[in-house]
Structures are given as structure tokens and as C-alpha cells.
> 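Quick one: the structure is below, questions incoming.
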2 protein chains.
Amino acid sequence: MSRTDTSRRGSRQSRAGIRDVAAAAGVSITTVSDALNGKGRLPDATRRHVREVADRLGYRPSAAARTLRTGKSGLIGLTVTTYGDEPFTFTEFAYFAEMARAATSAALARGYALVILPATSRHDVWQNVALDGTVVIDPSDHDPVVTELVRQGLPVVSDGRPAGTLPVTAWVDNDHEAAVLGLLDHLAAAGARRIGLLTGNTTDTYTRLSTTAYLSWCERVGQDPVYETYPAHDPCAGAVAADRLLARPDRPDAVYGLFDPNGTDLLAAARRYGLRVPDDLLLVCCSESTVYAATEPPITTLSLKPRRIGTAVVQLLIDAIEGIDENRPVEQVIPTELIVRTSSQRRRSPRTKVSPPRSPAQD
Amino acid sequence: MSRTDTSRRGSRQSRAGIRDVAAAAGVSITTVSDALNGKGRLPDATRRHVREVADRLGYRPSAAARTLRTGKSGLIGLTVTTYGDEPFTFTEFAYFAEMARAATSAALARGYALVILPATSRHDVWQNVALDGTVVIDPSDHDPVVTELVRQGLPVVSDGRPAGTLPVTAWVDNDHEAAVLGLLDHLAAAGARRIGLLTGNTTDTYTRLSTTAYLSWCERVGQDPVYETYPAHDPCAGAVAADRLLARPDRPDAVYGLFDPNGTDLLAAARRYGLRVPDDLLLVCCSESTVYAATEPPITTLSLKPRRIGTAVVQLLIDAIEGIDENRPVEQVIPTELIVRTSSQRRRSPRTKVSPPRSPAQD
DNA sequence: CATCCATGCAGAAACGTACCTGTCAACGAG
DNA sequence: CTCGTTGACAGGTACGTTTCTGCATGGATG
């Protein structure tokens with residue numbers, strides 16, 4: 001009952017350690033550890049007793065000590081590419097938020113926590129945190145961070161297939177080519193004769209694959225490509241590029257925008273030129289934002305299913321960390337979803353007085 | 001040059017530790033530690049030599065051991081409230097993303113990393129990570145997590161002033177009352193006779209303060225309050241509530257929406273009822289999203305300046321962790337910004353053929 | 001009765017670092 | 001010549017766990 005002051009130090013009030021619990025419960029340190037971690041062979045009575053004493057003392061095991069001993073920290077890095085000195089970019093907000101949210105949930109469910117670590121972090125920060133593995137979003141060609149991590153023997157799972165010979169443990173990605181081809185077919189089926197593209201001038205895999213898919217589709221159907229590129233990480237450049245695209249002499253009658261804000265950008269540009277959507281111009285953009293369900297008209301979007309990706313990435317990583325089933329698939333393709341709304345349907349749907357509220361964008 | 005195998009274990013190839021470096025450099029462990037950490041009094045020659053050997057061996061100090069020894073982990077928790085089992089909610093995407101982004105940058109600049117930890121996390125996850133302190137976003141009245149953390153002696157800084165007697169170390173917040181009052185005055189100045197409110201039915205501080213500010217403004221100017229409430233964490237309820245508000249017999253001629261998606265919700269509802277914005281209906285909503293610059297018409301938004309908040313929160317927390325200037329302000333109020341666009345200006349601006357692209361939403 | 005195994009627990013060795021406490025040489029002052 | 005001083009390092013302990021090994025005890029088995 002009374003505080004047995006068998007502590008080795010005169011210092012008062014430092015947090016209770018495992019040996020304080022052992023002393024108070026009248027057992028050995030081993031027994032406390034086993035009782036609390038459900039290991040060893042102890043009678044239930046002892047186990048309960050130890051647990052109760054630990055509770056009473058407010059005992060909290062030291063994460064640092066445990067990590068040092070076991071070599072596992074329960075921490076997963078979430079690495080985001082940076083433009084300038086800011087972590088993750090303007091154009092990827094909704095995608096990143098959804099993906100990170102799902103990843104956090106998935107990690108948590110398996111007892112892990114996520115640490116946000118921009119790729120450009122100072123080296124000393126990287127080294128001051130004990131990671132069990134890392135998720136890398138859209139790694140660049142020869143990402144020094146990934147190389148370094150792999151060299152340290154840490155598993156690395158990337159969102160987006162690695163470019164070149166980047167030695168990731170596993171990756172998850174969409175089939176961007178199939179997505180773009182399907183989407184272009186959808187537009188063509190809706191009556192588009194000349195489909196334009198609004199794309200980025202960066203070299204990341206997503207942009208590259210999507211653009212080449214567009215070009216090959218054009219070649220297949222015998223259409224001249226009509227596209228404008230812009231630096232996607234610049235928040236104002238998109239509107240300018242959208243304007244350029246619709247100002248061209250060979251103005252397209254349908255446009256696919258590769259980045260999230262392109263939908264509103266294109267819609268605004270269309271209005272400036274007096275183009276009605278979808279009558280004069282069909283519109284699709286890649287976005288996870290639900291605002292496109294409530295625009296006038298609602299805009300068809302391509303969803304990359306960031307929640308599925310976030311979940312899959314974390315599962316793969318934790319499997320690798322825990323050495324579960326070594327010969328599990330190291331790459332996983334998540335299907336995209338085309339959410340068809342008014343902007344890509346040639347025939348305008350009859351105007352309803354009160355349309356039903358938009359449905360939640362679960363999963 | 002040759003691998004001096006003085007390692008105490010027969011085991012091969014385990015990561016180089018500090019004593020491997022010491023052996024290879026022909027000095028003691030102390031010297032290595034001092035040389036690498038810039039402490040002690042060593043001649044520059046020794047320091048350089050040790051550093052070089054450490055580099056050659058690919059030595060990476062163990063974060064866990066360092067944490068155990070020093071008691072500092074360099075990790076800051078970022079706690080988000082949850083609705084259901086998902087971290088952070090639909091309505092706060094843009095705000096949260098901006099805030100987290102700024103917080104990450106600020107922490108990084110001072111050598112800390114952020115760990116995402118939903119408030120409802122399993123207890124064992126909380127305990128498995130060694131935190132130096134925690135940022136809590138919008139803590140509820142008697143948040144058990146905050147209480148627990150404070151009891152452990154960890155500094156806690158909250159985004160949003162703590163309700164009741166929550167014992168946070170410091171907090172950062174906007175002056176929500178002033179913001180709402182100013183915004184309502186702005187609408188009144190633009191000619192609004194009856195201003196409605198679209199608000200939440202939750203009890204968090206933001207919603208409560210904003211709503212009471214609205215009510216007291218109404219009382220002051222002698223207007224009957226016209227408002228609808230809905231569960232803000234439900235992604236479809238907003239559209240329904242917006243519709244309800246505009247369907248009322250005492251239909252307002254101006255509306256302020258408290259949550260991010262309310263702008264598009266209200267705009268869509270207005271269209272259904274044939275109301276022109278801003279001619280028949282003035283519109284303002286609280287949002288960090290840039291889509292409202294490109295809607296038709298562009299919508300006036302109230303920005304809570306999440307980036308400033310994120311930065312301030314982290315600075316305050318790290319100051320507390322490092323014990324800098326104990327008597328520093330423990331509360332900080334960040335001014336809001338009303339970004340005035342067409343939707344809240346009575347007179348429609350002349351239609352331009354090509355409007356300039358929207359400006360970036362820096363800071 | 002001797003042997004064997006399962007049970008219930010204790011002792012002690014790591015884990016890798018930081019830092020406190022020496023030790024030893026050189027050196028200038030008295 | 002002696003003595004404090006200072007520079008340059010080495011030794012050793014503590015941080016708080018987990019876990020391997022080992023030691024009793026007691027009942028079942030031959």
C-alpha cells in the first residue's frame with residue numbers, strides 16, 4: 001500500500017519504471033514484463049495482480065527503451081515530395097488528404113503511427129526518428145531518400161510505380177494508361193470529335209503515363225493531339241493554361257484536365273468564351289474533390305481511389321516489416337473510377353426543380 | 001583500412017554502432033560521441049578524423065538509444081478529432097491540410113517531426129511512441145487524451161481555445177466572434193436586409209462562438225435570426241440544409257455558411273430556386289479552398305489563416321518543450337481574412353471577356 | 001524411489017547512446 | 001623542484017526495457 005521507496009535514486013517523483021512496479025507487486029521485473037505483455041507462463045492471478053499494481057502506479061512503459069530493445073518503433077514514415085520548401089503541393093490536396101487519412105487509419109488498426117517526413121528534410125531529422133519502414137508518395141527517378149532508406153535495410157513502399165531502377169520493396173499504383181484510354185473512349189462515345197488535354201510539364205510518372213496514353217489514343221483514332229502543359233505546382237498557372245487551350249484555333253470540343261483544380265479552371269474559361277458545358281464542350285478532370293458534384297453543371301471526374309491506395313500501401317509495408325508471407329505480391333494495381341456527371345454527357349439532362357443532395361464519396 | 005573485427009559478437013553485418021566507429025578510428029566511444037555532437041574539447045584534427053571514419057562505415061546513430069539517454073525524441077504528436085473511426089473530417093479538408101502543412105514545415109525547421117495521432121487511437125499506440133509534446137486540434141470539453149498527456153507532464157498546445165477547464169499549456173485561435181461580426185457588417189453594407197446562417201449542430205468551440213456571434217449581431221440590429229443547423233461531419237447533409245434554408249418562407253437575402261462545402265451547396269441551391277447571386281442572394285462561406293475563386297460567380301470566403309495557425313502552434317509547443325522563455329504568451333490570436341469576391345457585392349461587376357487568372361493563396 | 005517434465009518465477013545480459021568522472025602528459029608559475 | 005592547470009582523451013555507468021537462461025517445486029510416470 002505505502003510507497004515502498006526502494007528506488008535506487010533519491011530523486012523524487014520521476015515516472016514509475018518497471019522495477020518500481022516489480023517492487024510494489026513483490027515480483028521480479030521479468031514477471032511484470034511478462035504479465036503486461038501477455039507472454040511467459042503465469043497464472044491469471046499473478047497477471048491480474050501485476051496489472052492492477054501497474055495501473056495504480058500509473059506505469060507507462062518507455063517507448064524509447066522498448067524500441068531500443070526490440071528494434072521496432074511502431075513508426076512509419078510518410079514521405080511526400082516537395083516543391084519549393086513546402087510539403088505536398090497545392091494540386092494534390094484532396095488526393096493527399098484522403099490518401100493520408102486512409103493510411104493513418106490502416107496503420108493505426110495494426111498498431112502503427114505515421115510520421116510526416118518531407119523528402120527534403122534535413123538529414124538530421126531523418127536520423128533522429130526510428131522508423132520501421134516508409135511510405136513514399138510518387139518518388140522521383142533516383143530519389144536519394146529512398147536509396148538511403150533501402151541501404152539501411154528499411155522496407156519502402158511507394159505510391160506510384162517507381163521510375164527507373166528505384167529499389168522499392170513494393171508499390172501500389174493505378175493503371176493510368178487504362179484510365180485515360182477509357183475516359184477518352186467515354187468522351188468519344190458522348191460525341192467528342194476533338195479531345196484536348198490539360199497536362200503538366202513535370203516528369204513524374206503520373207503525368208508522363210497519362211500524357212503518353214493520350215498521345216497514343218490520338219494516334220489510334222487519327223486525331224491531332226491538342227494539349228497545353230503548365231507547371232502543375234503553380235497555383236495560378238492552371239487557369240492561364242485552360243484559357244490558352246480554349247483560345248486555340250483548333251479548339252477542342254472536349255477536354256480532360258489532369259489535375260484537381262482543372263475542372264473549375266476549365267469551367268471558368270469556357271464561360272469566358274461563351275461555351276456551354278456540355279453542349280459546346282465536354283469536360284472531365286481528375287479529382288477527388290466533391291465540389292464537382294455541385295458545380296453548374298456537375299463535372300465528371302476521374303477518381304484515383306486514394307483511400308484504397310493509402311490502405312494498400314500501408315498493408316504492404318507492414319507486411320514487409322513484420323515479415324509476413326515473404327512472397328506476397330510486391331505490386332498492386334488499384335482500379336480507377338470514372339464518376340460520370342453532366343459535363344460529359346452530350347444530351348443535357350432535363351432540368352429538375354430540386355435535385356437530390358449529392359451522395360457521400362465513401363471509399 | 002581492413003575491417004578490424006573487434007566486434008563483441010560473431011554476428012555479421014549488423015549496422016555499425018558507435019563503438020565500431022571508435023574501434024576503427026582508434027579512439028574511445030566518448031571521443032566519437034563528442035566529435036559527432038560537437039561537444040567536449042577536441043582538436044579539429046581528431047574531430048575530422050572521427051567524422052570521416054563514421055562516414056566511411058556508414059554510421060547512423062540509433063534514434064532509440066539517443067532518445068532513451070536524453071529523454072528527447074524530437075517527435076511532436078498531431079492530434080485530430082475524429083468523427084466515426086476516421087481521422088479528421090470531410091468539412092475540414094482544406095483547412096486541415098494547410099494547417100498540417102505549415103505545422104510540418106515549422107516543426108522541421110526546428111528539427112522536429114510530426115506524428116499523426118487521432119484522438120481515438122488505441123491507448124497502446126499512444127504509449128508506443130515517445131512524444132516530446134502534442135498539438136491538439138479543436139479539443140473537446142474534457143478531452144481524455146489531453147488530460148492524460150498533461151498528467152504525464154507533456155506540453156500540449158491546442159488549435160482552438162480550450163473549452164471549460166482543459167489544462168493546455170498554450171493555445172492559438174482566431175477571434176471567431178469578431179470575424180463573424182465583421183462579415184455580417186460587410187453583408188449589411190452590401191445591402192443585405194435579412195442574413196441567414198448555415199451552421200452545425202455540434203458543440204465545438206468554433207461552431208458555438210460563430211453561432212452566438214450571429215445571434216447577438218441579429219439582436220443588435222434587430223433582425224430575426226434565420227438559420228439552419230446540420231451535422232457538419234455528414235458529407236451530404238450540407239446540401240439538404242442549404243436547400244431548407246432557401247425554402248423557408250422568411251427566405252434570407254444573404255447567407256453565411258460556416259463550413260467549407262457550404263459555398264457550392266448554397267450556390268447549387270440558389271440555382272434550383274432561380275436565385276441570382278449576388279443580385280438576389282449574397283453569399284459568404286468560411287473556406288480555405290481556392291475553388292471559390294473560379295466558381296460562377298466567385299464566392300467571398302472567410303479564411304481562418306490555417307498556415308499561420310499551424311506555424312504558431314508549433315512554435316509555441318517547441319518553445320515549451322525546450323523551456324525557452326517560460327513567461328511567453330500562452331495564448332495567441334490570429335486575425336482572419338475576408339476575401340471579398342463577387343458573391344457578396346450587390347452590384348455585379350461588368351462582365352469581362354477574359355478575366356485574369358486567380359492569384360495564389362499564399363500565407 | 002528415482003526420473004522427468006511442466007510450471008512459476010528470478011537473475012542478468014544485452015540494446016546503443018550520452019555524459020560524468022577520472023587519468024595522464026605537458027607546461028608555466030612560484 | 002613542486003604544484004596547480006589545462007588539454008585530450010578513456011572508463012564506466014545509467015537510461016528502461018525485453019528476453020535468454022536457469023533454478024526451484026511438485027506431481028506424474030517408470
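All chains are named by letter (A, B, ...) in the order of the sequence lines, taking the proteins before the strands, and each is independently numbered beginning at 1. Keep in mind that the numbers below use all heavy atoms, side chains included, and drop hydrogens, waters and symmetry copies.
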> Rounded to whole Å, please give me the gap between CZ in A/Arg19 and P in D/dT17.
8 Å
> Send over the distance from A/Leu42 CG to C/dT7 P, rounded to a whole Å.
12 Å
> Measure from CZ on A/Arg66 to C1' on D/dT19 and round the result to the nearest Å.
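In whole Å, D/dT19 C1' lies 13 Å from A/Arg66 CZ.
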> What protein N or O atoms touch nucleotides 11-13 of chain D N or O atoms at under 3.5 angstrom, if any, and at what distances?
residue: D/dG11; atom: O6; partner: B/Thr30; partner atom: OG1; Å: 2.5

> Select one nucleotide: of D/dG16, C/dC9, C/dT17, the one nearest the side-chain heavy atoms of A/Pro43.
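When the side chain of A/Pro43 is considered, C/dC9 is the closest of D/dG16, C/dC9, C/dT17.
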> Is the phosphate of D/dC9 approached by B/Thr46 (side-chain N or O, under 4.0 Å from OP1 or OP2)?
yes
> Any salt bridge between B/Asp44 and B/Arg51, counting N to O under 4.0 Å?
no
> Remember a base hit wins even if backbone is also touched, and classify A/Arg47 as base, sugar-phosphate or nothing at under 4.0 Å, heavy atoms.
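A/Arg47: no heavy atom of the nucleic acid under 4.0 Å.
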> Over how many whole Å does the gap from A/Asp44 atom CG to C/dT7 atom P extend?
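The answer, rounded to whole Å, is 13 Å.
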> Find the distance A/Asp34:CG to C/dA10:P and express it as a whole number of Å.
10 Å
> What heavy-atom pair brings B/Pro139 and B/Val136 nearest, and what distance separates the two atoms?
CB-CG1, 3.7 Å
> Does the pair A/Glu52/A/Arg47 count as a salt bridge with the N-to-O cut at 4.0 Å?
no
> Under 4.0 Å, heavy atoms only, any strand: does A/Ser33 hit a base, just the sugar-phosphate, or nothing?
base
> Would you kindly give the CG-to-P distance between B/Leu57 and C/dG16, to the nearest whole Å?
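From B/Leu57 CG to C/dG16 P: 15 Å.
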> How many whole angstroms separate atom CD1 of A/Ile18 from atom P of D/dT17?
6 Å
> Heavy atoms only: give me the nearest A/Tyr112-A/Leu75 pair and the separation to one decimal.
CD2-N, 4.2 Å
> Check A/Glu322 with A/Arg110, please: is the shortest side-chain N to carboxylate O separation under 4.0 Å?
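Salt bridge: yes.
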> For B/Tyr59 and for B/Arg41, find the nucleotide of DNA chain C with the closest heavy atom, then tell me which residue's nucleotide is more 5'.
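Result: B/Tyr59.
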> Look at the side-chain N and O atoms of A/Lys39 and state whether any lies under 4.0 Å from the OP1 or OP2 oxygen of D/dT19.
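Checking D/dT19 against A/Lys39, a side-chain N or O does come within under 4.0 Å of OP1 or OP2.
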> At less than 4.0 Å, is any side-chain N or O atom of B/Thr31 found next to OP1 or OP2 of D/dA10? Yes or no.
yes
> Examine the side chains of A/Ser33 and A/Thr30 and answer whether a donor and an acceptor come within less than 3.5 Å of each other.
no
> Starting at atom CZ of A/Arg60, determine the distance to atom C1' of D/dT17, rounded to an integer number of angstrom.
16 Å
> Any Lys/Arg nitrogen of A/Arg161 or A/Asp173 sitting under 4.0 Å from an Asp/Glu carboxylate oxygen of the other?
yes
